[in-house]
Every structure is written in structure tokens, then in C-alpha cells.
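Because only heavy atoms are used, hydrogens play no part in the values below, and waters and symmetry mates are left out as well, while side chains stay in. Atoms within each ligand, like the ligands themselves, are counted from 1 in listed order. Note that the coordinates shown come from a computational prediction; the quantities given were computed from them, not determined experimentally.
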Amino acid sequence: MRTGIATVCLSGTLEEKLRAAAKAGFGGVEIFETDLITSPLSPEDVRALADDQGLGLDLYQPFRDLDSVPDELYRANLRRAEAKFKLMGRLGIDTILVCSNVATASIDDDALRAEQLHGLAKLAADYGVKVAYEALAWGTYVNDFEHAWRLVADADHPNLGTCLDTFHILSRGWDTEPIEQIPGEKIFFVQVADAPKLSMDVLSWSRHYRVFPGEGQFDLPKFLGHVARTGYNGPVSLEVFNDTFRQADVERTAVDAMRSLIWLEERTAKHLAVSDAARLADAAGRDADDDAAAPTPAQLAAASRAYPMPLTTLPQVAPPSGVNFAEIKSAEGAAATAELERLLSQLGFEPHGEHRTKPVNLWTLGDARIILNRQQARGVDPAISALGFDVENSVAAVARAVQLKAAPVPRTSQANEEVLQAVQAPDGTEVFLCQDALWVNEFGSGVASAEHAPSAAPFASAHIDHINLAQPWQHYDEAVLFYSSVLALSPQPSQDVSSPTGLVRSQVMQAGAGGESAVRLVLNLAPWIQADTVRGTVRDTFQEHIAIAVPDLVETARACRRRGLPFLPIPENYYEDLDARYGLSPDFLATLRELDLLYDRDADGEFLHFYTATVGSVFFEVVQRIGGYEGFGAPNAPIRHAAQHDAQLAGHPGGHR
Ligand SMILES: O=C(O)c1ccc(O)c(O)c1
Ligand SMILES: [Mg+2]
């Protein structure tokens, strides 16, 4: 698939944009007119720079408000177009995007529009230029891709085709099936953008909230599947107007963008494999196989080559089946490190001593493994630094991650040590892809069992339930795509939670059907989380946590109290509200109150949890899921944020004992 990106997606000067696009591996770019006009580079310089970088210049855009106008204005528009055709000759660009009229359209007449488009194409032909006509979602008369295509067909000129842009099609909810009625050679250009579903006017939505494929909620694989079936084999180009990307680091955004297209190619091949099989079954009068959601490797390979547009696929991986470990970086000899160790032992974790060769130690509670790493942690407050995920095949998982442009974490290991492989997530977390937990044998006197550290009753089934990571706003969308494409976690609907210093967006990324086997990562986004403070010194900006699930929360809380664990204090008002909402039994309510426990309930079950004090930027949560409860106690999150805020103001994030 020919990959492309519009210069409007990226920050910086035109030169920086072109260099970043080439470095990220794009085949070509769309030159946005503003980027050219504001550039000190001559059109010839731009052409030479792109050539030098091995980057194609695939499209010039946008040309606005050509059609549906009175004759005099139309003639002025042709003069304007002619100047652009000449410019394109100097740039070496052969296709121009013409948007449906949003401003000066005054005549609603399809015959006139077709005639005016024909006239433009005729002029374009004199300059060797092709015109791709795009229906903007807010076009005055033309705002639907089928209408644009009908006009192109009626205008009937070889230099006129249509441009399909996913945003204009999917934001309006148009059915994408009719795309297959357009001959592939009459589609001159394809633009892709994803977006979160928002209820606002479509122009503002388009100009500010587009995101890269996989970062929003549009069904892009289905769209691109229809396009592939037309026989189209031109550029598939990202056109993403986004306030954050416009100010983020240009090279980073270009890599995020490239990852999104690689993801889209694979998803499209998967979609086609399943959908082609269903169509075949349908044609043969058989019922489609409902389980075909995951195509076989052979079906996937066939689908990736079935149409003129080749679709690159990646090593396939299953979603992770568990959290192998969490690692906290904490400075050697620091008071906070001693505090953290005390917290772990008060929680019931057992120490397993030092690693054979590294300044690292291991703590376990049932299947929950936490590593304290003093390596390169000087001057750093305790912070979550790495997560291990259980995967079926770590070699395939790492190969997939690298193809998705994840940066491998350089690591050294001694002979006869387990070789663990890791890649860096956008927020700096090291993500380890683990096939087993044999590495635990490298600690202390050796942990007895290879699979599991020994567990003390009643914590036999304790495990890591979820991990909350703070995400700087600059990299939030990138993180969602990273965790879904590299790790195969699925984004759940996000929620906004109030806190004393602003709203916190909470985005759950999950694998597995639920219950004990689910892998849950919660990404927290707040405007005050700064990119350069995450992973190390978030203390004053945001707190992150590791949640441990236990079979009996009340019993665990009592044991923790006896060991002197500092709990996060919960205000009395909370318990009065809880009683008002649920009418809990007085005994149960008294227990919750006594132990600073929080409670939630939904149609599927109940949830009990408590929080510890914070050390550095890290605190712990202990949870018990009862019945089919799959949430995270969201109604209680504002209570937690406020209590942590109060504790911090009081100067003892340590909480009370
Ligand atoms: O927002 C716009 O005006 C605009 C311009 C050109 C495009 O290709 C597009 O999709 C939107
Ligand atoms: Mg567009």
C-alpha cells in the first residue's frame, strides 16, 4: 500500500515536515497550500528536497469553492486554478484536490456543477494535472461522497476523479458499501483519518479532533476494504487536523502516524479475510461462520494479496494473558525506598532478596510480582518504570512491536540469565514481553517454584488486577494506539473523573474476557501531566498505582491494619452518601467506615477496595471483585483524588495508620 501523510498533520516548517515524513518511512506527502505559501523554499527547492529524501509529492491541496457559482465567478476560479496548475508543474505534483463549495455556492444545479467540473478538468489536462473532487461534510450542496461521484461520472473527463476522505464519509454516518460501485481508476486519492465520536458541529470536529487510525472510533478497516475491492491502488494518505499533533514533536508524530497506517493495513487485511469468506459463504447459500472474526494465517495471507492494493501484515499475537510483573524504580539508600519496602511488607508482600547481578529486588504476594529497581534511579522518586506482560510467543511479540516502530529497550544479561525483551511505550514505560517467570530464580536464594513464587495463605490467588499509568497529553492518543497495536489490548469507552485540580480522563485498555484472567491497563490523562515529568518525577503532578486483587478484602484490610499499613483516609461524607445510595446493612457500613474501604455495585456484581498512602508517585490499591463486576469503582475515583490532594496539602501523602 502506498502510504502518505498531509503536511497539515505535522508541526514545524515545511522542511521539518518533509524530513520527518521521510524518516518515518512514508511513500509520499500531500502538500498543504499554507505550508508551501509560508515556506522560504521555492517550489523547485521543495521538489529537490523531497527527491533527495525519497519522498513522493502525491497531492496539492486544497483548491476551494470552484463549483455551483455564477459564470463570472467561475471564470475567476479557472484563472486561480490555472496559476495552481503552473505551480504544480514546478513542484512536480500531478494531482490537485478540489473541495466541494462551502462558501460561495449560490446555484443548486447538478448539471451546472458537472459542466463546471468538466471545464476545470479540461484546463487541468492542458497542464498534465488530474483533479480529485472531494465532498466536504459541510459542503453547501455537495456533502456526500456518492453525490460527488455522480458529478464526476456526469462530468465525464479522464482528468477528473474523486477523492474519498473517511472523515467526511464517516462523520456523517454515510453507508460505505456504495464505494464498491465506483471504478477504482476513478478514485484519484484516498485520505484517512479517525475521530472520537463527538456530538458537535462537523466542521469544528473535523478541524480540531481528527486523530490517526486506531486512535478514534471510526470503522476504517471496513472503509478501506471497500476501497481495495474497487481495484484502487493509489496513495492511502493521512489527513489529520489535530490541535495536539500540530504542536507535538514532529518526528514523534510522524512515527505515530506511520504506526497507525501499518495497523490499518493489517486490520484491513483481517477485515477482508473475514468479509470475503462471509461473501463466499453467502454466494454458496451457506451461513457465514460467525467465529471467523480471527482469520487463519492462510486466509490473512490470501486477503493481503487478493486485490491490486497489497496489504502488509505483521506477526500475529494473541492478547496478553496476564501481568507478569510490575517494576518500580527507586533510588538506592533513599528514605522513600525504605518507605516503599515497608509499604510492600505491610501489604503482605514477601521479599525474595537481591538479583544475582543487578541492584534489583523482588517482592511477591501470590502471583503478584513487584520488582524494586535501584539501577539508574539516583535522584528519582519512586515511580512505575516497567511492566511485564505474559505472551504466548515473545519472539513474535517483539518482532511485531518492532515492525510497528516501537523502540527496543537495550538490555544486558549475563550468561545463564533469562533473556527478557522489552520495548518502550510512548510514556517511557518499558514493556516486557514474557513467556514465563523463570527469571524469578535469579533472585536471592532462589524462589522455590519456577512458575510461581510461594504464596502465604490467604493470598494464594492474589494477583495484579490493574495498573494505572499517567499519560502526558502530548502522547495520549499515541499511547492508545501503541497499547492496542503492539500489545493487542482493546480500548474501552473512556470516562472523565473529577479531581480537585481538574478533570482526569480514564481510558481502560483491556485484554481477556474479564474476571481474574483479564489484563487491565488504565491510562490517565490530565492537562497538568507534563511529558518530561512522567516516569521519574511525577510526584507533584500525578500519582500512579498498582492494584492487587485479593479473595477477601476485609480480611486483607484487617491484616494490613495490624501490620501498620498507612491507608488513604476516606471522609465520613462518603459513607453517608453510600448509605443513602445503597442502604447497606449497618454492620457492613461500619466495617467499611472502620477500615477506610470503598464500595461500588452494578448489575453484574460488587467491588470493594482501598488505597495506601503514596510514596514518590506510587501508591497501591487492593481490590476484591465479587460476581461479574468488571469496573474500577469509577464513582469512587473523585473521593480518592480529593483524599490524595488533602493528604498532599497536609504534607503527609503517607496517609494515616
Ligand atoms: O477542513 C477543510 O477545509 C478541508 C480541506 C481539505 C480537505 O481535504 C479536508 O478534508 C478538509
Ligand atoms: Mg480531505
Chemist: Less than 4.5 Å apart, any side-chain heavy atom of Val29 and any of Leu55?
Modeler: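 Val29 reaches Leu55 side chain to side chain.
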Chemist: For the Mg ion (ligand 2), what is the closest N, O or S atom on Asp165?
Modeler: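 Within Asp165, restricted to N, O or S, the Mg ion (ligand 2) is closest to atom OD2.
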Chemist: Under 3.5 Å, N or O to N or O, is Ser206 touching ligand 1 that way?
Modeler: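 Checking ligand 1 against Ser206, no N or O pair falls under 3.5 Å apart.
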Chemist: Going by the side chain to side chain contact (heavy atoms under 4.5 Å, CB included) test, name the single residue among Gln61, Gln191, His168 that passes it with Cys163.
Modeler: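 Result: among Gln61, Gln191, His168, Gln191 is the only option passing the side chain to side chain contact (heavy atoms under 4.5 Å, CB included) with Cys163.
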Chemist: Say whether Trp138, considering both its backbone and side-chain N or O atoms, lies within less than 3.5 Å of an N or O atom on ligand 1.
Modeler: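 No: no nitrogen or oxygen of Trp138 is under 3.5 Å from one in ligand 1.
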Chemist: Measure the distance from atom 1 (O) of ligand 1 to every protein heavy atom, then report the residue, atom name and distance (to 0.1 Å) of the closest one.
Modeler: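 The closest heavy atom on the protein side is Arg207 NE, 2.6 Å.
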Chemist: Verify the distance test for Gln61 against the Mg ion (ligand 2): any N/O/S atom under 2.8 Å, yes or no.
Modeler: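 False for Gln61.
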Chemist: Under 6.0 Å between the ring centres of Trp149 and Tyr133?
Modeler: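 Ring-ring flag for Trp149/Tyr133: false, centres at least 6.0 Å apart.
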Chemist: Just to be sure I read this right, does ligand 1 sit under 4.0 Å from the backbone of Val102, its side chain, both, or neither, counting only heavy atoms?
Modeler: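 Near ligand 1, Val102 shows nothing, with every heavy atom at 4.0 Å or more.
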Chemist: So among Tyr209, Trp205, Trp138, which one has a side chain to side chain contact (heavy atoms under 4.5 Å, CB included) with Ser171?
Modeler: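 So the option named by the test is Trp205.
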Chemist: Answer yes when Arg400 and Glu266 have at least one side-chain N-carboxylate O distance shorter than 4.0 Å, and no when they do not.
Modeler: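 Answer for the salt bridge query: yes.
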Chemist: Between Glu239 and Arg210, is there a salt bridge with N-O shorter than 4.0 Å?
Modeler: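 Yes.
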Chemist: At a non-hydrogen distance cut-off of under 4.0 Å, which region of Cys163 contacts ligand 1 (side chain, backbone, both, or neither)?
Modeler: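 Within the 4.0 Å criterion, Cys163 makes no contact with ligand 1.
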Chemist: Under 4.0 Å from a heavy atom of Glu239: which atoms of ligand 1 are those, numbered in the order shown and with their elements?
Modeler: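 That gives atoms 6 (C), 7 (C), 8 (O), 9 (C), 10 (O) of ligand 1.
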Chemist: Does only the side chain of Leu203 get under 4.0 Å from ligand 1, or the backbone, or both, or neither? Count heavy atoms.
Modeler: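 None of Leu203 does.
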Chemist: With heavy atoms of Asp165 as the reference, note each atom of ligand 1 found under 4.0 Å away.
Modeler: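 Near Asp165, the atoms of ligand 1 are 10 (O).
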